2 protein chains.
Amino acid sequence: MSIILNEVHNEGLSLNWKINKVLYKEKSDFQEVAIVELESFGRALVLDNAVQATVNDEFVYNEMITHVPLFTHANPEKVLIIGGGDGGAAREAAKHHSVKQVDMCEIDPKVIEACREFLPETSVSYDHPKVNVITKDGIQFVKDHPNTYDVIIIDSSDPIGPAVQLYNREFYASVKESLKEDGILACHSESLFLHQKLIKDIFASVDSLYPITRMYLATTPTYPGFSWSYIMGSKKYDPFETKIDEKQVVDAKYYNHDIFKATFVLPNFVKELVGLKK
Amino acid sequence: MSIILNEVHNEGLSLNWKINKVLYKEKSDFQEVAIVELESFGRALVLDNAVQATVNDEFVYNEMITHVPLFTHANPEKVLIIGGGDGGAAREAAKHHSVKQVDMCEIDPKVIEACREFLPETSVSYDHPKVNVITKDGIQFVKDHPNTYDVIIIDSSDPIGPAVQLYNREFYASVKESLKEDGILACHSESLFLHQKLIKDIFASVDSLYPITRMYLATTPTYPGFSWSYIMGSKKYDPFETKIDEKQVVDAKYYNHDIFKATFVLPNFVKELVGLKK
């Protein structure tokens, strides 16, 4: 018998992932949480039928959503990850020598439970001395922590279900309040091909709130539309002025300092999409 | 009724493309040739059930496989495209002021026939005064044209079916003979995630034949594994030394000269894969 996870990317495209084994499947208060073993990408966290992180490619996303803002900041000490329950972003943040505290605020305790048992590659961070695992609503959490963080990473699932409120201007404004005066927000903004309206909206919202807004790119093959994009809002530091070669080297599978320099280079159609000059 | 094209990427992953309309479907001497309208990426050329080029994203591949080698060369005048029957690479090559002649050697006349009628976005190049459409076997063609071309682009379908012989050392050696003494070979080398052995083999083969071998990257969302890679073998010119900002600007949707500089930056796992130093 072949077991297939059919993941719908949009009306015209869906993916059939062959599943070798279902390791965990429970309904939480927020979503259906599953850990499966995919034939082609290894173990994976699946939320409401959407692949969130696989052991074969999670490193691209987790390294890029973390190292780019952390290296843009001059001296990040306190980092907040909103969502990111698999632990991958926290794992990467803890690698920075300057970082003293990583608060990972995941709304769904079942995600933590599932990843702790079945995704040790990412959940290894839960027990790191720098990392605090917090199971609370990120929206309320940032409101309760004004002027606290150097970097806040919004590591959310897609803008449907529990994560939808993490994709609007009001939330980016709350995050701004929770950042210190030289703080940086980083989030992903989905696919250059399938989610162009979303990218435009996020870029415009962040740009209206933060003095410096930068977009960057890194393909994550298991994410819908594949050409994955990220947006940073920064109160003070501009990655275009970062002296990246003077920074600490991190042990990583995707990231290196040349990648830092290259990731901000945008194709013409993307510049046009977000209103930057060709 | 929903009509679905099920494209198998590997044993563990297949894609369901919703088809709005089948515009052309014929069996040629080499393969099944079809033009369909995909709900999510527009009109597409499909060969033996594999999506080759869609109007929504062909520009990424066609611009990158063409402009990168052409701008690496100091003065490309004669260009050969092996395969590339949709015409997209020829369209891009013809944009270069220095280029006087683009020979497009496509083995399958039915591909030409189908694209001429249903994919004007790419086949527009067929009637360009610089472009010669040749329907011959590329393997024999390069043997018959020693010391002729400045740049040869291998724009083939996947390494199954009629294209399989375009992916081996013997063919890269033939191409070398067909290049002038300062010529450049460019080919695609498929996905960083799904085709690692192939990438390793192509890189090693090219590297054993050409003094300068460079790999570069550009995601094409409709290609299997999505993180698409390209390899160049060059007899004389090194793209790392190209003064790209002094070159002609081409009108393009993806490519710009900053992309030229960024595209050669490789993630750590890719460097490791092809045997480059981290």
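Only a predicted model underlies this, so the values are computations on that prediction, with no experimental measurement involved.
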TODO: Let me know if B:Val60 has heavy atoms under 4.5 Å from chain A in its side chain, its backbone, both or neither.
DONE: side chain
- [ ] Select one option (side chain, backbone, both, neither) describing which atoms of B:Asn10 are under 4.5 Å from chain A's heavy atoms.
- [x] side chain
Task: Rounded distance (nearest 0.5 Å) linking atom CG of A:Asn16 with atom CG of B:Asn6 - done: 6.0 Å
TODO: Quick one: pull up NZ in A:Lys253 and CD in B:Glu272 and give me the separation to the nearest 0.5 Å.
DONE: 10.0 Å
Open item on the list: Using a 4.5 angstrom heavy-atom cutoff, name the option from A:Ala218, A:Ala262, A:Ser191 with the most pairs to chain B.
Closed with: A:Ala262
Task: Minimum heavy-atom distance between A:Ser227 and B:Pro221, given as atom pair plus value - done: OG-CD, 4.3 Å
Task: Residue part contacting chain B, namely of A:Leu13, when any heavy atom lies under 4.5 Å - done: both
Open item on the list: Can you tell me which of B:His9, B:Glu7, B:Glu11, B:Lys261 forms the most heavy-atom pairs within a distance under 4.5 Å of chain A?
Closed with: B:Glu11
- [ ] Mind ranking A:Thr219, A:Thr220, A:Thr222 by heavy-atom pairs under 4.5 Å with chain B and telling me who comes out on top?
- [x] A:Thr219
Open item on the list: Check whether A:Asn268 reaches the backbone of B:Ala252 with its side chain - one donor and one acceptor, N or O, closer than 3.5 Å.
Closed with: yes
Task: Residue part contacting chain B, namely of A:Tyr255, when any heavy atom lies under 4.5 Å - done: backbone
Task: Aromatic plane relationship, A:Phe269 with B:Phe59 - under 30° parallel, 30 to 60° tilted, over 60° perpendicular - done: perpendicular
Open item on the list: Heavy-atom pairs under 4.5 Å with chain B: which of A:Leu266, A:Val270, A:Leu38 has the most?
Closed with: A:Leu266
Open item on the list: If I measure from the heavy atoms of chain B, does A:Phe41 come under 4.5 Å with its side chain, its backbone, both, or neither?
Closed with: side chain
TODO: Answer yes or no: are there more than 12 heavy-atom neighbours, outside A:Gln248 itself, under 6.0 Å from its atom CD?
DONE: yes
